[in-house]
Protein chains: 2
Amino acid sequence: MVTTRNSRSDVVAAAGRLFAEKGYHGTSMRDLGRELGLLGSSLYSHVDSKQDLLVSVVEDGARLFQASATASLGTDGSASDRLRALISGHVDVVLDNLDVSRTFLNEARMLDDRHRAKVIEERDRYEAAFRRVLSDGAGDGSFRDDIDPKTASIFILSMLNAIDRWYRPGGALSREQLVEELSLFVIDGLG
Amino acid sequence: MVTTRNSRSDVVAAAGRLFAEKGYHGTSMRDLGRELGLLGSSLYSHVDSKQDLLVSVVEDGARLFQASATASLGTDGSASDRLRALISGHVDVVLDNLDVSRTFLNEARMLDDRHRAKVIEERDRYEAAFRRVLSDGAGDGSFRDDIDPKTASIFILSMLNAIDRWYRPGGALSREQLVEELSLFVIDGLG
DNA sequence: CCTACCGATCGGTAGG
DNA sequence: CCTACCGATCGGTAGG
């Protein structure tokens with residue numbers, strides 16, 4: 001069979017694709033219908049509103065990043081090992097879920113106040129995983145202790161959250177090499 | 001006098017503000033008119049189209065970053081000094097022109113193909129300034145030479161291009177401290 | 001999931 | 001910069 005009815009998760013997945021590519025406000029419900037081979041009005045049997053779709057995509061993103069952080073913190077190993085696990089996990093989440101990640105990173109600000117506040121909270125919890133590992137490393141001598149874990153976390157996450165903007169799978173840099181370069185840069189710097 | 005007629009640059013400035021805050025597609029010409037105290041239709045005596053406004057804001061951004069890079073490369077000094085100048089210049093451009101920078105970074109992808117291609121070219125030229133300094137530094141022994149200047153440039157620019165998302169003037173970190181932390185992190189890393 | 005709509009809003013124009 | 005519009009498109013609904 002070539003055609004089947006779409007499920008709600010098909011609709012959410014397609015929404016992630018279009019939101020990532022053209023932005024939330026640049027995507028109409030008719031665009032989304034076309035992507036799925038049906039009319040815009042037919043989408044309302046799957047979702048309550050357009051916002052509803054954005055909420056679903058962004059919550060998927062939050063869940064993925066959170067799950068990755070939890071797994072990485074569960075690792076026993078040095079602070080460097082756990083930092084590397086966080087980096088590697090983040091890279092995997094982004095590259096295995098490009099549309100969701102892009103929507104999570106760029107379109108969450110289009111959410112209404114209530115949902116946006118929730119996302120900010122979830123991002124802060126995720127960032128806290130990085131802060132904790134950096135603090136641990138500063139405490140046990142793995143990392144220098146004159147560096148502010150909060151600021152350093154932001155710098156690291158800035159690098160990680162930009163990967164979707166430039167990395168091309170199949171290009172000169174393999175995923176493993178990317179993780180390696182990131183870890184090297186973060187831990188040793190240019191000097 | 002409290003009220004004067006708006007100039008074209010007033011309109012472009014207001015457009016930058018709204019595009020930065022609500023996105024290009026999230027801003028209507030009527031929104032923009034309201035911001036300036038006139039009707040949406042009245043804007044067309046200043047601009048040809050909504051796209052025209054986005055082009056102007058984004059080109060302003062490109063010019064600012066380019067000017068900063070040119071000034072920094074003109075510095076004579078070690079590779080570290082010039083890298084620090086590039087970082088400091090970038091921070092100044094972003095923090096002194098938040099709306100333009102945000103629009104340049106987040107909304108340029110909404111441009112039509114022709115203008116988007118131009119912006120990509122300009123960004124690449126700007127990135128080339130970073131690559132050159134990193135290459136110089138790898139050549140004269142200032143920086144390690146097992147690091148790829150292209151990848152490192154991307155990492156550094158990723159940190160710089162995220163500053164608008166989290167930095168709050170008047171907060172715990174002064175602008176000078178921000179530049180200091182960035183330079184330290186980039187050159188020495190965590191280790 | 002479609003037919004057949006709804007009121008609101010969109011970017012933009014003619015003519016002053 | 002306003003008045004007075006235009007056709008197109010928007011998110012969404014009723015009823016099947």
Side-chain angles (χ1 to χ4, degrees), chain A residues 1-59 103 107-116, chain B residues 1-59 103 107-116:
Chain A
M1 250 181 14
V2 188
T3 48
T4 326
R5 288 192 137 225
N6 291 293
S7 68
R8 191 196 142 93
S9 63
D10 293 329
V11 177
V12 174
R17 249 176 283 145
L18 294 192
F19 292 167
E21 185 193 336
K22 323 200 306 170
Y24 176 70
H25 289 303
T27 302
S28 73
M29 292 300 273
R30 283 161 179 85
D31 290 336
L32 183 52
R34 198 177 313 119
E35 176 87 2
L36 290 160
L38 43 82
L39 295 177
S41 57
S42 302
L43 296 167
Y44 290 92
S45 51
H46 292 108
V47 295
D48 287 341
S49 68
K50 192 184 170 187
Q51 270 277 329
D52 188 27
L53 277 169
L54 182 56
V55 168
S56 288
V57 177
V58 169
E59 281 185 350
T103 301
E107 305 302 322
R109 67 195 174 111
M110 305 307 178
L111 287 167
D112 58 273
D113 292 344
R114 193 183 120 244
H115 288 104
R116 197 173 54 247
Chain B
M1 248 181 11
V2 190
T3 47
T4 327
R5 286 194 139 223
N6 290 293
S7 68
R8 190 195 142 95
S9 63
D10 294 329
V11 177
V12 174
R17 249 175 284 144
L18 294 192
F19 292 166
E21 185 193 337
K22 322 197 308 167
Y24 177 70
H25 288 303
T27 303
S28 73
M29 293 301 272
R30 284 159 179 87
D31 289 337
L32 183 51
R34 198 178 313 119
E35 176 86 2
L36 291 160
L38 43 81
L39 295 177
S41 58
S42 302
L43 295 166
Y44 290 92
S45 51
H46 292 108
V47 294
D48 287 341
S49 67
K50 192 184 170 187
Q51 270 278 328
D52 189 27
L53 277 169
L54 181 57
V55 168
S56 289
V57 177
V58 168
E59 281 185 350
T103 301
E107 306 301 323
R109 67 196 174 111
M110 305 306 179
L111 287 168
D112 57 272
D113 292 343
R114 194 183 119 243
H115 288 103
R116 198 174 53 245

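Naming convention: chains lettered A, B, ... in sequence-line order (proteins, then strands); numbering from 1 in each chain. Note that the structure is predicted; figures quoted are calculated from it, not measured.
- Under the 4.5 Å side-chain criterion, counting only non-hydrogen atoms from C-beta, L53(A) is not in contact with H46(A).
- Between the CG atom in L54(A) and the CG atom in L111(A) there is a gap of 4.0 Å [rounded to 0.5 Å].
- D112(B) is linked by a salt bridge (Lys or Arg N to Asp or Glu O under 4.0 Å) to nothing, counting only residues two or more places apart in sequence or in another chain.
- E35(A) has its side chain within reach of L18(A): a pair of non-hydrogen atoms, C-beta onward, lies under 4.5 Å apart.
- The CE atom of M29(B) sits 6 Å away from the P atom of dG12(C) (whole-angstrom rounding).
- The strand DNA chain C forms stems, runs of 3 or more Watson-Crick or G-U wobble pairs with distances below 3.5 Å, at C:1-16 with D:1-16.
- Within the nucleic acid shown, L38(A) comes within 4.0 Å of sugar-phosphate atoms alone, with no base atom in reach, counting heavy atoms only.
- Interatomic distance, CE of M29(A) versus OG of S42(A), reported as 10.0 Å (0.5 Å rounding).
- Ranked by how close their nearest DNA chain D nucleotide is to the 5' end, R30(A) and R30(B) are led by R30(B).
- In this structure, the CZ atom of F19(A) is 12 Å from the C1' atom of dG11(D), given to the nearest Å.
- Between the side chain of T103(A) and the backbone N or O of F19(A) there is no donor-acceptor pair closer than 3.5 Å.
- For dT9(C), the OP1/OP2 oxygens have no side-chain nitrogen or oxygen of S28(B) closer than 4.0 Å.
- Relative to the side chain of S41(A), the nucleotides dG12(C), dT3(C), dC1(D) differ in distance, and dT3(C) lies closest.
- Rounded to an integer number of Å, the gap from R34(B) CZ to dC1(D) C1' is 17 Å.
- Summarising the geometry, the separation between NZ on K22(A) and C1' on dC10(D) is reported as 13 Å, rounded to the nearest angstrom.
- Spacing between atom NE2 of H25(A) and atom C1' of dG11(C) amounts to 17 Å, rounded to whole angstrom units.
- Listed by residue number, the members of residues 43-54 of chain A with any heavy atom below 4.0 angstrom from DNA chain D are Y44(A), S49(A), K50(A).
- D31(B) pairs in a salt bridge (Lys or Arg N to Asp or Glu O under 4.0 Å) with only one of the listed residues (R17(B), K22(B), K50(B)), which is K22(B).
- Shown here for V57(A) and V12(A), the closest heavy-atom pair between the two residues is CG2-O, 3.6 Å.
- Side chain to side chain, D10(A) and S7(A) meet the donor-acceptor criterion of an N or O pair below 3.5 Å.
- One atom, CG of L32(B), and another, C1' of dC1(D), lie 14 Å apart when rounded to the nearest Å.
- As a whole-Å value, the separation of L39(B) CG from dG11(C) P is 14 Å.
- For the pair D31(A) CG and dG12(D) P, the interatomic distance rounds to 14 Å; values are reported in whole Å.
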